[in-house]
There are 2 protein chains.
Amino acid sequence: MMNRIEKPATTTMKEVAQEAGVSIAAVSKVLHGKGPNIRVSEARAEVIREAAKKLRYQPNGLARSLRMSRTHTIGLIWENMADIGDGPLYYMYLLDGVASELFRKHYRLTILPEIPHSSTISSLSDGRLDGVIWCKMPDLPGIRDQLSHSSLNVVGLNTQATHSLCPMITCDNEHGSGLVVDHLVELGHRNIAFAQDWGSEDTPDLITRYDGYRKALQRHEIPFTENLLFRCDKHKPEVEGWLTRNQGITAIYAWYEGLAGKIMASAQDAGYQIPRDLSIVGFDSTLYCDTLSPKLTAIRQPIREMAQAAARTLMDLIEGQAPDKTSYIFPCTLDVRESSSHPAHSRAPESQRRGNLL
Amino acid sequence: MMNRIEKPATTTMKEVAQEAGVSIAAVSKVLHGKGPNIRVSEARAEVIREAAKKLRYQPNGLARSLRMSRTHTIGLIWENMADIGDGPLYYMYLLDGVASELFRKHYRLTILPEIPHSSTISSLSDGRLDGVIWCKMPDLPGIRDQLSHSSLNVVGLNTQATHSLCPMITCDNEHGSGLVVDHLVELGHRNIAFAQDWGSEDTPDLITRYDGYRKALQRHEIPFTENLLFRCDKHKPEVEGWLTRNQGITAIYAWYEGLAGKIMASAQDAGYQIPRDLSIVGFDSTLYCDTLSPKLTAIRQPIREMAQAAARTLMDLIEGQAPDKTSYIFPCTLDVRESSSHPAHSRAPESQRRGNLL
DNA sequence: CTGAAAGCGCTAACAC
DNA sequence: GTGTTAGCGCTTTCAG
């Protein structure tokens with residue numbers, strides 16, 4: 001049994017005022033000097049400062065926040081926090097970007113637990129947060145409704161919704177998917193599958209990445225058929241079965257790097273050589289991609305910069321400066337690594353190096 | 001120019017009371033039902049709930065916290081947040097551990113900006129936090145002083161200090177270092193250097209790891225000399241110069257994996273083959289170690305579990321249950337990967353496979 | 001210059 | 001059962 005350490009009671013302004021023999025108002029003015037109406041003589045000011053130091057006075061942030069309706073704290077909502085330690089460094093960069101920007105302006109960052117979408121925003125508008133950054137905010141009617149009924153400042157990150165109820169920061173997913181398809185087509189692939197996991201249907205990133213994939217296929221005049229869509233369990237994608245049911249697939253584009261990794265592992269377990277038998281490309285080029293063997297070719301999004309932009313936009317919003325842009329789209333690039341190459345048994349030799357037309 | 005969306009004012013209990021035609025106290029009781037003194041008839045309760053729903057009433061957390069002196073929010077202090085996106089996954093696991101545990105009990109997590117040690121604790125005792133988890137808390141007199149003068153609940157993580165002013169969670173660094181030395185000695189190494197970067201002197205982990213290294217050397221009857229200590233710049237360690245000045249070194253043990261990575265890169269740049277010419281071992285076995293080539297042999301600490309323990313201990317402390325243990329030490333294990341092997345020019349063949357005595 | 005006083009929104013005695 | 005009341009610690013008018 002640990003004998004509880006003496007926890008000294010905390011000092012209030014009132015006590016400081018008493019000690020200094022002045023009014024509470026004077027203490028407030030001197031210590032947090034704002035109101036232009038209250039001037040205090042240097043002499044008294046000094047006495048007050050002394051008293052404060054002597055009593056180890058520490059202003060109470062709650063009281064202040066309550067009074068000012070400002071907490072200088074912003075919240076971060078992200079989906080599937082549970083996966084966080086699971087590989088994808090995405091969250092780290094995101095966090096670093098948000099935090100670095102916030103801290104520069106003396107804001108604090110609160111990580112929020114996952115909350116059912118149905119009550120997310122309203123449950124957050126309890127005065128403790130000046131605003132929130134919502135990663136992967138889904139574009140759902142319920143959310144739209146909350147957004148318009150809430151007084152909370154929100155900015156979406158990695159979100160591109162159909163409304164403009166809040167500023168949104170995202171990367172050019174569509175173009176990113178285009179880069180992937182271009183890359184694969186150029187290598188000689190024609191049967192390029194798109195992989196997604198069950199349960200991510202509402203994720204805006206997935207939607208736009210898929211869109212971009214479809215459009216890119218079209219651009220290359222490659223017809224899309226349902227069997228190119230590989231919907232799987234993110235924990236154990238049954239690649240082998242699917243691949244044998246869908247002969248001819250030579251490349252898989254997974255909508256995020258973690259899924260790509262799982263797919264690669266599953267394929268390898270089944271005896272596939274990557275990239276000889278199957279090329280795999282993912283989205284989100286991070287250190288994780290380098291841990292795979294072969295290393296994963298992937299699209300890089302400037303997540304740290306995006307996160308910073310989100311933080312900056314939110315702070316502007318909070319401080320009353322309507323941001324000039326209501327949405328930012330950051331460019332993506334392709335990091336070619338080892339998991340993509342020419343298809344081994346190129347099916348139609350004549351189409352091998354000439355992916356563009358016919 | 002974005003036309004600012006109508007931000008509906010927030011509803012207070014008073015308004016709900018008016019709408020329902022009851023007293024504020026009744027509303028409080030019904031909506032957050034605590035005080036056993038106030039009973040409300042089911043009829044009125046219903047009316048109140050209706051009114052609240054109609055007005056989209058959302059209790060104000062600040063007011064509540066102020067009143068109750070409880071915020072259900074805990075803070076996380078970690079050093080060099082700046083390095084966070086830089087490779088080491090350590091922070092991710094840490095964060096995941098803390099957050100998962102906290103969220104289970106409906107606490108929030110606030111990430112704090114780095115603050116000068118001189119004022120850390122006092123500046124945090126402003127009522128907004130119920131407690132903090134302090135990673136790598138240094139064992140400094142200033143800190144000790146603050147700890148005893150503050151009313152804030154603190155638990156240290158990855159810290160082992162000489163006082164018991166707060167509970168501390170750490171891993172068995174000393175034993176970890178022992179594992180490293182044992183491993184290297186068993187491989188035939190005798191000249192094993194310890195690497196640390198400038199500026200980390202106060203970090204408790206470094207200190208105990210170094211201690212463990214010294215003791216292990218002693219255990220193997222290998223004399224320690226100053227030239228076995230490689231003090232370097234963490235951004236660009238000048239391995240080559242140091243190695244030529246200190247002939248005979250066949251292995252380097254870096255006190256954290258990021259440094260090990262840098263050292264490896266630097267050595268490779270200078271033409272060294274790892275592990276043929278030089279074995280390298282680090283602390284903190286994470287995904288990062290797998291991204292290196294060769295993959296880094298490293299000590300694994302159960303950081304996620306440690307973080308959870310820290311969170312749990314802190315919550316217990318906050319909730320008034322003095323934790324039964326004032327400190328926890330978690331065991332470490334060694335993950336042997338590719339960066340360690342027999343020394344190429346084993347100096348004393350007779351000592352090669354018989355590291356224990358003589 | 002200075003201090004009294006009115007709250008910010010909520011909880012919990014306490015009296016009815 | 002119910003409402004009145006006294007704050008939590010701070011900021012800020014406003015009258016002196």
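So you know, we letter chains A, B, ... as the sequences are listed, proteins then strands, and number each from 1. These numbers come from a predicted model, not from an experiment.
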A.B. asks: Rounded to whole Å, how long is the line connecting atom NZ of B:K14 with atom P of C:dA6?
C.D. replies: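 After rounding, the gap between these two atoms is 14 Å.
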A.B. asks: Would you mind reading off the distance between A:L66 atom CG and D:dC10 atom P, rounded to a whole angstrom?
C.D. replies: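 Distance, rounded to whole Å: 12 Å.
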A.B. asks: Measure CZ/B:R39 against C1'/D:dG3 and give the value in whole Å, please.
C.D. replies: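 Atom CZ in B:R39 sits about 14 Å away from atom C1' in D:dG3.
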A.B. asks: Please work out which residues in residues 41-60 of chain A have a non-hydrogen atom less than 4.0 Å from an atom of DNA chain C and list them by number.
C.D. replies: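 The answer is A:S41, A:R44.
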A.B. asks: Quick check against the 3.5 Å criterion: does A:S150 have a side-chain atom that pairs as donor or acceptor with the backbone of A:Q146?
C.D. replies: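 No, the answer is negative, given that no donor and acceptor are paired below the 3.5 Å cut-off.
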A.B. asks: To the nearest Å, give me how far apart CZ (B:R128) and C1' (D:dC8) are.
C.D. replies: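 That distance rounds to 17 Å.
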A.B. asks: With a 4.0 Å limit, can you tell me whether B:S23 has a side-chain N or O closer than that to the phosphate oxygens OP1/OP2 of D:dG3?
C.D. replies: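 Yes, B:S23 has a side-chain N/O under 4.0 Å of OP1/OP2 on D:dG3.
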A.B. asks: Treating A:S28 as the side-chain partner and A:A26 as the backbone partner, does any N or O pair qualify as donor plus acceptor under 3.5 Å?
C.D. replies: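 Not a single qualifying donor-acceptor pair exists.
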A.B. asks: Consider only side-chain N and O atoms of B:T110 and A:T110, and report whether a donor and an acceptor are under 3.5 Å apart.
C.D. replies: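 On atom types as modelled, these side chains qualify, holding a pair under 3.5 Å.
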A.B. asks: Is a donor on one side and an acceptor on the other found under 3.5 Å between the side chain of B:E15 and the backbone of B:T12?
C.D. replies: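 Looks like yes, one N/O pair under 3.5 Å.
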A.B. asks: Nearest-Å distance, CG (A:L31) to P (D:dG9)?
C.D. replies: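 So the two atoms are 16 Å apart, to the nearest Å.
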A.B. asks: When you compare the side chains of B:H149 and A:R56, does any donor N or O come within less than 3.5 Å of an acceptor on the partner?
C.D. replies: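 Present: a donor and an acceptor within the cut-off.
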A.B. asks: Taking A:K136 first and then A:D202, would you say they form a salt bridge - that is, a charged N and a carboxylate O separated by under 4.0 Å?
C.D. replies: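 Not counted as a salt bridge, because no side-chain N and carboxylate O are separated by less than 4.0 Å.
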A.B. asks: Which nucleotide in the set D:dT2, C:dC10, C:dA12 lies at the smallest distance from any side-chain heavy atom of B:R64?
C.D. replies: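 Nucleotide nearest to B:R64's side chain: C:dC10.
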A.B. asks: Taking only the side-chain heavy atoms of A:A26 (C-beta and beyond), determine which of D:dT12, C:dG3, D:dC10 contains the nearest atom.
C.D. replies: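 Taking heavy atoms from C-beta onward, the closest nucleotide is C:dG3.
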A.B. asks: Measure the distance from CG on A:D126 to P on C:dC8 and round it to the nearest whole Å.
C.D. replies: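 It is 18 Å, rounded to the nearest whole Å.
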A.B. asks: Give me, pair by pair, the N or O atoms of the protein and of nucleotides 5-7 of chain D that are less than 3.5 Å apart, along with how far apart they are.
C.D. replies:
residue, atom, partner, partner atom, Å
D:dG7, N2, B:R67, NH1, 3.0

A.B. asks: Salt bridge or not between B:R49 and B:E42? Use side-chain N to carboxylate O under 4.0 Å.
C.D. replies: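 Between B:E42 and B:R49 there is a salt bridge, with a charged N closer than 4.0 Å to a carboxylate O.
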A.B. asks: Among B:D130, B:V155, B:V98, find the one that has a side chain to side chain contact (heavy atoms under 4.5 Å, CB included) with B:L314.
C.D. replies: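 One option only clears the test, and that one is B:V155.
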A.B. asks: So, A:T71 side chain and A:T73 main chain: donor-acceptor pair closer than 3.5 Å or not?
C.D. replies: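 Present.
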A.B. asks: When the distance from NZ of B:K29 to P of C:dC14 is rounded to whole Å, what number comes out?
C.D. replies: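 Between P of C:dC14 and NZ of B:K29: 18 Å.
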A.B. asks: Roughly, in whole Å, what's the span from NE2 in A:H32 to P in D:dG9?
C.D. replies: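 So the two atoms are 13 Å apart, to the nearest Å.
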